[in-house]
Enquirer: 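Right, I'll just put the structure down here and ask away after.
Both ligands and their constituent atoms are indexed starting at 1 by order of listing.
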Amino acid sequence: MDKNSTIYVAGHRGLVGSAIVHKLTEQGFTNILTRTSQEMDLRRQADVERFFETHRPEYVFDAAAKVGGIYANNTYRADFLYENLAIQNNIIHSAYRFGAKKLLFLGSSCIYPKLAPQPLHEDALLTGPLEPTNEPYAIAKIAGIKLCEALYDQYQFNAVSCMPTNLYGPNDNFDLTTSHVLPALIRKFVEAKEQGAKEVVAWGTGSPLREFLHSYDAADAMIFLMKNYDGRDFLNIGTGEEISIKALTEMIAGIVGFQGEIVWDTTKPDGTPRKLMHVGKLHALGWRHKIELRDGIASVVAWFHQARKEGRYA
Ligand code: GFB
């Protein structure tokens, strides 16, 4: 990838896409193409094909997806399956058809079976039943991996897939019903502290284990793979470190300075009991995360305070 290569970042307003644009710009890449969903609906094949035919991006980061936390995944099951299949089919196939040099497809750690051995090794794909709360999203992402592999096999198209672990960072979704756990808890504790509330409600039992990676580190890993890895086999992206939801909740409360009580709503699902990535392949290539969880959360709390001052998330 040269500094003036044409690079299309699909999903540039989202958590990961915005981080990829941020990192590419920081590294001096000057020819980054983006489109908002108002400018181009990625679910519409003809629109996506027209865009690729006109602009012929050389490198494509497919960070566009309908995403959400455990409640959204479990509730909008048809939308998660249909929209993600449509979006990724259109982007991946257009990249191949209109001569991109390389595409990086973003999957998710939820592609692995619910009870796969931990840490989750890439070889665990399709070895057992999926976690039911996010099965539709996982099935779409698995189809994306398989499309990349098939294009690689049949047409030698350089389509690489990567599986990021649970991510957090600036520009995340802070909506309490559809977001992931980390932004939801930041919002809950910030608002509770401001309002002098005595308690904050967290979901589930607090016992599940999760791994969290800052979106800037994730983007850094993705650009690293775009530059340094050409292979049919997909790769995990993570830290290799895990924390219980209970410990995470206490850590966020401490960083925000909330001193009230934490109450667990066990009518809400826990989801998969443990989700830790095996990151041996990525480490062997020479990439490691840099932002530790506590520092990353503190920076997102500061970002969220600023965003609220500017009238977002009011
Ligand atoms: O981040 P999260 O929504 O998704 O939830 P998953 C992680 C854990 O945090 C679950 C608990 O055990 C939740 O019950 N939790 C505690 C909360 N308090 C809250 C809260 O206020 N909000 C939320 N959202 N959770 C998603 C998948 O699974 O992970 C997606 O549904 C995707 O498909 C994503 O793979 C990375 O980690 O369980």
Enquirer: Using a strict cut-off of 4.0 Å, indicate which atoms of ligand 1 neighbour a heavy atom of G68.
Expert: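 Reading through ligand 1 atom by atom, the close ones are 30 (C).
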
Enquirer: Spell out, as yes or no, whether a donor-acceptor pair under 3.5 Å connects the side chain of D172 to the backbone of L15.
Expert: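 No; zero donor-acceptor contacts below 3.5 Å.
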
Enquirer: Need the ligand 1 atom indices (1-based, order shown) with element for anything under 4.0 Å from a heavy-atom of I70.
Expert: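 The atoms of ligand 1 under 4.0 Å from a heavy atom of I70 are 2 (P), 3 (O), 4 (O), 31 (O), 38 (O).
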
Enquirer: Of the listed options (A72, S179, G69), which comes nearest to atom 24 (N) of ligand 1 when hydrogens are ignored and any heavy atom counts?
Expert: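 When every heavy atom of A72, S179, G69 is considered, S179 comes closest to atom 24 (N) of ligand 1.
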
Enquirer: Can R210 be said to touch ligand 1, with heavy atoms closer than 4.0 Å?
Expert: yes

Enquirer: Give me the ring orientation class for F174 and F304: parallel if the planes are under 30° apart, tilted from 30 to 60°, perpendicular past 60°.
Expert: parallel

Enquirer: Tell me which part of S109 gets within contact of ligand 1: side chain, backbone, both or neither, using heavy atoms under 4.0 Å.
Expert: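 For S109, there is no contact with ligand 1 at all, from either part.
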
Enquirer: Under 4.0 Å between a Lys/Arg side-chain N and an Asp/Glu carboxylate O for R50 and E53?
Expert: no

Enquirer: Would you mind telling me if ligand 1 is within reach of the side chain of Y137, the backbone, both or neither, using heavy atoms under 4.0 Å?
Expert: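 Answer for Y137: side chain.
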
Enquirer: Check this for me, if you would: do R294 and E292 make a salt bridge, where the nitrogen-to-carboxylate-oxygen distance has to be below 4.0 angstrom?
Expert: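 Result for this pair is no, no salt bridge flagged.
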
Enquirer: Please work out whether any backbone atom (N, CA, C, O) or any side-chain heavy atom from C-beta onward of A138 is under 4.0 Å from ligand 1, and answer side chain, backbone, both or neither.
Expert: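 A138 to ligand 1: no contact under 4.0 Å from either part.
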
Enquirer: Taking the non-hydrogen atoms of K275, is any one of them nearer than 4.0 angstrom to ligand 1?
Expert: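 Yes, that is the case, since the closest heavy atom of the residue is under 4.0 Å from the ligand.
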
Enquirer: Which one of P269, G204, S207 has a non-hydrogen atom at the shortest distance from atom 13 (C) of ligand 1?
Expert: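 Considering heavy atoms of P269, G204, S207, the nearest to atom 13 (C) of ligand 1 sits in P269.
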
Enquirer: Within a distance under 4.0 Å of any heavy atom of C110, pick out the atoms of ligand 1 and give their elements.
Expert: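 Under 4.0 Å from C110, ligand 1 has these atoms: 33 (O), 35 (O).
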
Enquirer: Between D265 and K268, does any side-chain N to carboxylate O distance fall below 4.0 Å?
Expert: yes

Enquirer: Could a heavy atom of I245 be found less than 4.0 Å from some atom of ligand 1?
Expert: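 Per 4.0 Å heavy-atom rule, I245 contacts ligand 1.
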
Enquirer: Looking only at protein heavy atoms, identify the closest one to atom 10 (C) of ligand 1 and say how far it is in Å.
Expert: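 Result: D270 O, 3.3 Å.
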
Enquirer: List the steps, then state whether side chain to side chain donor-acceptor pair (under 3.5 Å) holds for R35 with H55.
Expert: CA-CA 12 Å; R35 288 291 180 276; H55 298 284; 3.1 Å; yes

Enquirer: Which heavy atom of the protein is the closest neighbour of atom 31 (O) of ligand 1, given with residue, atom name and distance?
Expert: N73 ND2, 3.1 Å

Enquirer: Can you list the ligand 1 atoms lying under 4.0 Å from a non-hydrogen atom of A184?
Expert: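 Near A184, the atoms of ligand 1 are 20 (C), 21 (O), 22 (N).
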
Enquirer: Do you know which of V279, D217, L235, N228 makes side-chain contact (heavy atoms from CB on, under 4.5 Å) with W287?
Expert: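 The option that passes is D217.
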
Enquirer: Which part of V181 is near ligand 1, with near meaning a heavy atom under 4.0 Å away: side chain, backbone, both or neither?
Expert: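 For V181, the contact with ligand 1 is made by both the backbone and the side chain.
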
Enquirer: Specify the protein heavy atom at minimum distance from atom 34 (C) of ligand 1: its residue, its atom name, and the distance to 0.1 Å.
Expert: H180 NE2, 3.2 Å

